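A short write-up of the structure that comes next.
Because only heavy atoms are used, hydrogens play no part in the values below, and waters and symmetry mates are left out as well, while side chains stay in. Computed from a prediction, not measured in an experiment: that's the story for all the values here.
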Amino acid sequence: QVQLVESGGGLVQAGGSLRLSCAASGRTFSAYAMGWFRQAPGKEREFVAAISWNGGNINYADSVKGRFTISRDNTKSTTYLQMNTLKPEDTAVYYCAARRGSASRTNVYEYDYWGQGTQVTVSS
């Protein structure tokens with residue numbers, strides 16, 4: 001069992017930045033690939049970014065490429081999502097997720113554990 005707790009969400013103006021953190025506990029963090037997803041009101045949960053167990057493989061949704069950066073610190077059992085040049089369409093609840101295994105994946109159904117989410121609101 002893995003417990004995930006996100007933090008760092010908030011209200012920011014368009015063009016601004018936020019850094020989300022996801023602290024994991026319960027199992028060996030390096031045994032899991034990690035991902036970030038988001039869900040806007042009335043929409044399905046969508047993939048944002050994913051990182052393999054050692055950071056050697058990273059994937060991004062096209063909508064965030066060049067603006068968002070995913071990273072992880074296995075010594076702190078934490079994964080991060082640095083979000084720059086935020087847009088109003090980035091407004092959503094952001095979820096951290098963990099999947100058993102080393103490889104990063106983009107499908108929501110391939111993740112085994114989820115955090116409670118953190119709200120990100122970007123005003124225009």
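Separation of atoms OG (S63) and CD (E89) is listed at 9.0 Å; rounding is to 0.5 Å. Taking CE from M34 and CG from N74, the interatomic distance works out to 9.5 Å, rounded to the nearest 0.5 Å. To the nearest 0.5 Å, atoms CD (E46) and OG1 (T106) are separated by 12.0 Å.
The two residues A92 and R38 come nearest to each other via the heavy atoms CB-CB, 3.8 Å. In terms of heavy atoms, S124 sits closest to A14 at CA-CB, 4.4 Å. The heavy-atom pair separating L4 from A24 by the smallest distance is CD2-CB, 3.6 Å. Between T28 and Y32, the shortest heavy-atom contact is O-CD1, 3.3 Å. Nearest heavy atom pair, residue Y94 against residue L20, reads CB-CD1, 3.6 Å. Closest approach of L18 to L86, counting heavy atoms only: N-CD1, 3.9 Å.
Connection of Y113 to I51 is established within a shared hydrophobic cluster, with ILVMFWY side chains joined at heavy-atom distances below 4.5 Å, either directly or through further cluster members. With hydrophobic clusters built from ILVMFWY side chains whose heavy atoms lie under 4.5 angstrom apart, V5 does not share a cluster with W114. L11 and L81 are assigned to two separate hydrophobic clusters, defined by single-linkage of ILVMFWY side chains at heavy-atom distances under 4.5 Å. V120 and Y80 end up in different hydrophobic clusters when Ile, Leu, Val, Met, Phe, Trp and Tyr side chains are linked at under 4.5 Å. In the hydrophobic clustering of ILVMFWY residues, with side-chain heavy atoms under 4.5 Å counting as a link, V12 and V64 come out together.
A donor-acceptor pair is defined here as one N or O able to donate and one able to accept, closer than 3.5 Å; such a pair exists between the side chain of E6 and the backbone of Q116. With hydrogens and angles disregarded, no donor-acceptor distance shorter than 3.5 Å links the side chain of R105 to the backbone of A50. In this structure, T91 contributes its side chain and V122 its backbone to a donor-acceptor pair below 3.5 Å. Side-chain atoms of T79 come within 3.5 Å of backbone atoms of S71 as a donor-acceptor pair (strictly under, hydrogens ignored). With hydrogens and angles ignored, the 3.5 Å screen pairs no side-chain donor or acceptor of Q39 with any backbone N or O of E44. Remark: side-chain polar atoms of T78 are paired, donor with acceptor, to backbone N or O of K76 under 3.5 angstrom.
Every residue was checked against the ring-ring contact (aromatic ring centres under 6.0 Å, His included) condition with Y95, not counting sequence neighbours, and none meets it. The side chain to side chain donor-acceptor pair (under 3.5 Å) search around T75 returns D73, not counting sequence neighbours.
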Using side chain to side chain donor-acceptor pair (under 3.5 Å), reason through S17 and N84 one step at a time and then give a plain yes or no. CA-CA 4 Å; S17 298; N84 298 329; 2.9 Å; yes

From CA spacing to verdict: side chain to side chain donor-acceptor pair (under 3.5 Å), Y60, R67: CA-CA 10 Å; Y60 293 103; R67 300 188 298 123; over 6 Å; no

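Counting only N and O atoms by type, the side chains of N57 and S104 include a donor and acceptor under 3.5 Å apart.
Judged by a 6.0 Å distance limit and a 45° cone about the ring axis, R99 is not positioned over the six-membered ring of W53.
Classified by interplanar angle (parallel below 30°, tilted 30° to 60°, perpendicular above 60°), the ring pair Y111/F37 is perpendicular.
K65 has a carboxylate O that lies under 4.0 Å from a charged side-chain N of D62, or vice versa, which qualifies the two as a salt bridge.
In this structure the side chain of I70 reaches within 4.5 angstrom of the side chain of W36, judged on heavy atoms.
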